[in-house]
Amino acid sequence: MQMDILKETSIEYCENIYALSINYLKNHNNNELRGLLEELTTIEDNIRICNDIDILNKFVTALKLISNRIEGIIHE
C-alpha cells in the first residue's frame with residue numbers, strides 16, 4: 001500500500017514540476033532545463049513501471065535531485 005502511495009505522489013510531483021518547467025521554457029530558452037526535463041520524463045516512466053520498493057526509493061531520490069536543480073534554474 002505504501003508503495004502505491006509513493007508511486008502516485010511521485011508521479012503527480014513529476015507532472016507538476018514538468019508543467020512548471022514547460023511554462024518557464026515558453027519565456028526562456030534554457031538547454032540545461034530541456035535536458036533535465038528529458039531525465040524527469042525517464043524517471044517518471046520508470047516510477048510508473050517499478051514494482052520494487054528499494055528501486056522505487058532510488059528513483060525518488062533521483063527525482064528529488066533533478067527537481068531541486070529545475071527549481072534552482074526557474075528561481076534564478
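Since the structure is predicted, the reported quantities are computational estimates derived from the model, not experimental observations. Heavy-atom basis, side chains included; hydrogens, waters and symmetry copies ignored.
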- ring pair (Phe, Tyr, Trp, His ring centres under 6.0 Å) pairs, two or more places apart, involving residues 28-76: Tyr24-His28
Euclidean distance, [Y] [atom2] relative to [X] [atom1], rounded to 0.5 Å:
X	Y	atom1	atom2	value
Glu76	Leu33	CD	CG	10.0 Å
Leu25	Asn30	CG	CG	7.0 Å
Ile5	Gln2	CD1	CD	7.0 Å

- Tell me, please, which residues at least two apart from Asp54 pass side chain to side chain contact (heavy atoms under 4.5 Å, CB included). Asp52
- Could you pull out all residues at least two apart from Ser10 that satisfy side chain to side chain contact (heavy atoms under 4.5 Å, CB included)? Leu6, Ile47, Val60, Leu63
- Task: Compare all side-chain heavy atoms of Leu20 with those of Ile70 and state whether any distance is below 4.5 angstrom.
- Result: no
- Message: Glu8: which residues meet the side-chain hydrogen bond (donor to acceptor under 3.5 Å, both in side chains) condition with it, sequence neighbours left out?
- Response: none
- Ser67: side-chain hydrogen bond (donor to acceptor under 3.5 Å, both in side chains) partners, not counting sequence neighbours: Tyr13
- Query: Sub-3.5 Å donor-acceptor pair from the side chain of Asn46 to the main-chain atoms of Thr42, do we have one?
  - Reply: yes
- Query: Is the backbone N or O of Leu56 less than 3.5 Å from a side-chain atom of Lys7, with the two atoms forming a donor-acceptor pair by type?
  - Reply: no
- Linked, directly or transitively: Ile11 and Met3 (ILVMFWY side chains, under 4.5 Å): yes
- Per the side chain to side chain contact (heavy atoms under 4.5 Å, CB included) rule, which among Thr41, Leu40, Asp45 passes with Cys14? Leu40
- Note on the structure: In short, salt bridge (charged side-chain N to carboxylate O under 4.0 Å, His left out) pairs touching residues 23-40 with sequence neighbours left out are Glu32-Arg69
- Can you tell me which residue pairs pass the salt bridge (charged side-chain N to carboxylate O under 4.0 Å, His left out) test with a partner in residues 9-18, sequence neighbours excluded? Glu15-Arg48
- Step by step, work out the side-chain contact (heavy atoms from CB on, under 4.5 Å) result for Leu37 and Ile22. CA-CA 9 Å; Leu37 284 177; Ile22 291 299; 3.9 Å; yes
- Pairing residues for Tyr18 by the ring pair (Phe, Tyr, Trp, His ring centres under 6.0 Å) criterion, not counting sequence neighbours: none
- Query: Of the non-hydrogen atoms in Leu36 and Ile66, which two are nearest, and what is the gap between them?
  - Reply: O-CG2, 3.9 Å
